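Everything on this sheet refers to the single structure shown next.
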Amino acid sequence: MGRVIRAQRRSHAIFKAHTHHNKAPAKLRPLDYAERNGYIRGIVKEIIHDPGRGAPLARVVFRDPYRYKLRTETFIATEGLHTGAFVYCGKKAALTVGNVLPVNQCPEGTIVCNVEEKLGDRGALARTSGNYATVIGHSPEDNKTRVRLPSGAKKTISGSARATVGIVAGGGRIDKPLLKAGRAYHKFKAKRNSWPRTRGVAMNPVDHPHGGGNHQHIGKASTIARSAVPGTKSLLRGTVKVKEV
């Protein structure tokens, strides 16, 4: 019996994300009456860095519609957002960069980010720095909207799902090479234990299905069934070909 390989150990505690220094979960406002029927105005108090995240975050302060208090939300900052800017959230909000509105209120071709996958989940798609999704079509009769995701895949979501207008700030981050191992070390230190990553072909046969042999070669076909168990899934996955619809 061989060693338990890395793919089987991924659920172990040493691979958990390093979330201790994170500022706050970046989410849209909880969906309420004001957003469903009209709009609510917030003001950007500060733009902050979140360790382990490429995109900056924006602290946005809203008046509570039901109680005499302020509510601070942490949004993913869109490009062009600045402190003191007003952010409008809701069905009747204007189509301006930084505002949050349902995707069925966005005309086709609108560039959006931090899109809800399901109504009220507070943002799940196109959230990394420099990324965006594009609204490509509406079907009003069943209240569905089709969006093109950063991967190129097309997805149909509820027309009432909210999205932020514009692209996520912090783009161009990967244009500059890391250049040295120390920078990669610190980059992943803030994220999780996923670096450095030893190749399977560089291991011994006991450590990995690719290990051993007189040359570094896999020695079998590198495609693998989607239904394979983690101990078999050490092999390379094929590139995903996105079909144009």
Side-chain angles (χ1 to χ4, degrees), residues 1-22 25-26 50-55 76 113-115 117-118 121 123-134 136 146-157 167-168 170-245:
M1 191 64 194
R3 197 75 57 82
V4 175
I5 67 169
R6 183 175 47 211
Q8 293 168 292
R9 295 167 51 229
R10 290 302 303 210
S11 60
H12 194 272
I14 68 164
F15 294 111
K16 280 200 306 196
H18 301 166
T19 54
H20 178 68
H21 292 291
N22 289 9
D50 193 23
R53 186 195 295 269
I76 292 175
C113 64
N114 200 11
V115 187
E117 195 169 2
K118 296 182 174 60
D121 72 8
L125 309 170
R127 291 161 56 96
T128 56
S129 54
N131 260 347
Y132 61 89
T134 313
I136 53 177
R146 222 162 151 63
V147 293
R148 181 185 287 111
L149 302 178
S151 65
K154 295 183 176 71
K155 187 172 180 67
T156 305
I157 58 174
I167 75 170
V168 182
R173 176 171 52 86
I174 55 173
D175 295 346
K176 181 185 176 187
L178 288 171
L179 281 180
K180 57 183 193 173
R183 289 194 188 141
Y185 168 81
H186 289 293
K187 173 186 173 179
F188 288 101
K189 186 167 183 279
K191 289 177 183 284
R192 74 202 76 83
N193 174 17
S194 61
W195 186 92
R197 189 181 175 88
T198 308
R199 293 165 301 131
V201 289
M203 297 182 190
N204 290 324
V206 69
D207 295 317
H208 200 274
H210 295 172
N214 284 345
H215 299 284
Q216 285 195 358
H217 67 294
I218 294 176
K220 51 178 80 70
S222 62
T223 49
I224 191 69
R226 183 181 278 272
S227 59
V229 295
T232 320
K233 272 209 175 140
S234 56
L235 307 170
L236 305 173
R237 278 175 300 174
T239 54
V240 178
K241 288 217 165 51
V242 176
K243 285 206 307 253
E244 285 296 321
V245 180

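In this text the structure is predicted, and so the values were computed from the model without any measurement.
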Quiz prompt | Phe15 atom CZ: more than 12 heavy-atom contacts under 6.0 Å | solution = yes

Quiz item: Where the side chain of Arg6 meets the backbone of Thr198, is there a donor-acceptor pair that is under 3.5 Å apart?
Solution: yes

Quiz item: Near His12 NE2, under 6.0 Å, is it more than 12 heavy atoms from other residues, nucleotides or ligands?
Solution: no

Quiz item: If you look at every heavy atom in Val201 and Gln216, which pair is closest and at what distance?
Solution: O-CG, 3.7 Å

Exercise. Determine the interplanar angle of the Trp195 and Phe188 rings, folded into 0 to 90°, and report it as parallel if under 30°, tilted if 30 to 60°, perpendicular if over 60°.
Key: parallel

Quiz item: What's the spacing between Lys180 NZ and Leu178 CG if we round to 0.5 Å?
Solution: 10.5 Å

Self-check item: Sub-4.5 Å side-chain heavy-atom contact between Asn204 and Arg3
Solution: no

Quiz prompt | Any donor-acceptor pair under 3.5 Å from His215 side chain to His217 backbone | solution = no

Quiz item: Under 3.5 Å, side chain of His208 to main-chain N/O of Ile5, donor-acceptor pair present?
Solution: no

Quiz item: Can you name the nearest heavy-atom pair linking Ala126 to Pro150, along with the distance?
Solution: CB-CG, 3.9 Å

Quiz prompt | Side-chain donor/acceptor of Lys191 to backbone N/O of Gly52, under 3.5 Å | solution = yes

Practice problem: Find the distance between CD1 (Ile157) and NZ (Lys118) and round it off to the nearest 0.5 Å. | Solution: 10.5 Å

Quiz prompt | Listed once per pair and sorted, the side chain to side chain donor-acceptor pair (under 3.5 Å) pairs that draw on residues 123-134, sequence neighbours left out | solution = Asn114-Arg127, Thr128-Asn131, Ser129-Arg173

Practice problem: Take Arg199 and His210 through the side chain to side chain contact (heavy atoms under 4.5 Å, CB included) test and state the conclusion after the steps. | Solution: CA-CA 9 Å; Arg199 293 165 301 131; His210 295 172; over 6 Å; no

Quiz item: In Å, rounded to the nearest 0.5 Å, how long is the span from CZ of Arg192 to NE2 of His18?
Solution: 9.0 Å

Quiz item: Would Arg53 and Ile76 count as a side chain to side chain contact (heavy atoms under 4.5 Å, CB included) if you check the C-alpha gap in whole Å, the side-chain angles of each, and the deciding distance to 0.1 Å?
Solution: CA-CA 10 Å; Arg53 186 195 295 269; Ile76 292 175; 4.1 Å; yes

Quiz prompt | Over all atoms of both residues, closest heavy-atom pair of Val168 and Ala55 | solution = CG1-CB, 3.5 Å

Quiz item: Which atoms form the tightest heavy-atom contact between Asn22 and Pro51, and what is the distance?
Solution: OD1-O, 3.3 Å

Practice problem: Check Glu117 against Asp121 and note the closest heavy-atom contact, atom names and distance. | Solution: N-OD2, 3.1 Å

Quiz item: So with a 6.0 Å cut-off around CD1 of Ile174, is the heavy-atom count from everything else above 12?
Solution: no

Quiz item: Do the side chain of Lys233 and the main chain of Arg226 share a donor and acceptor less than 3.5 angstrom apart?
Solution: yes

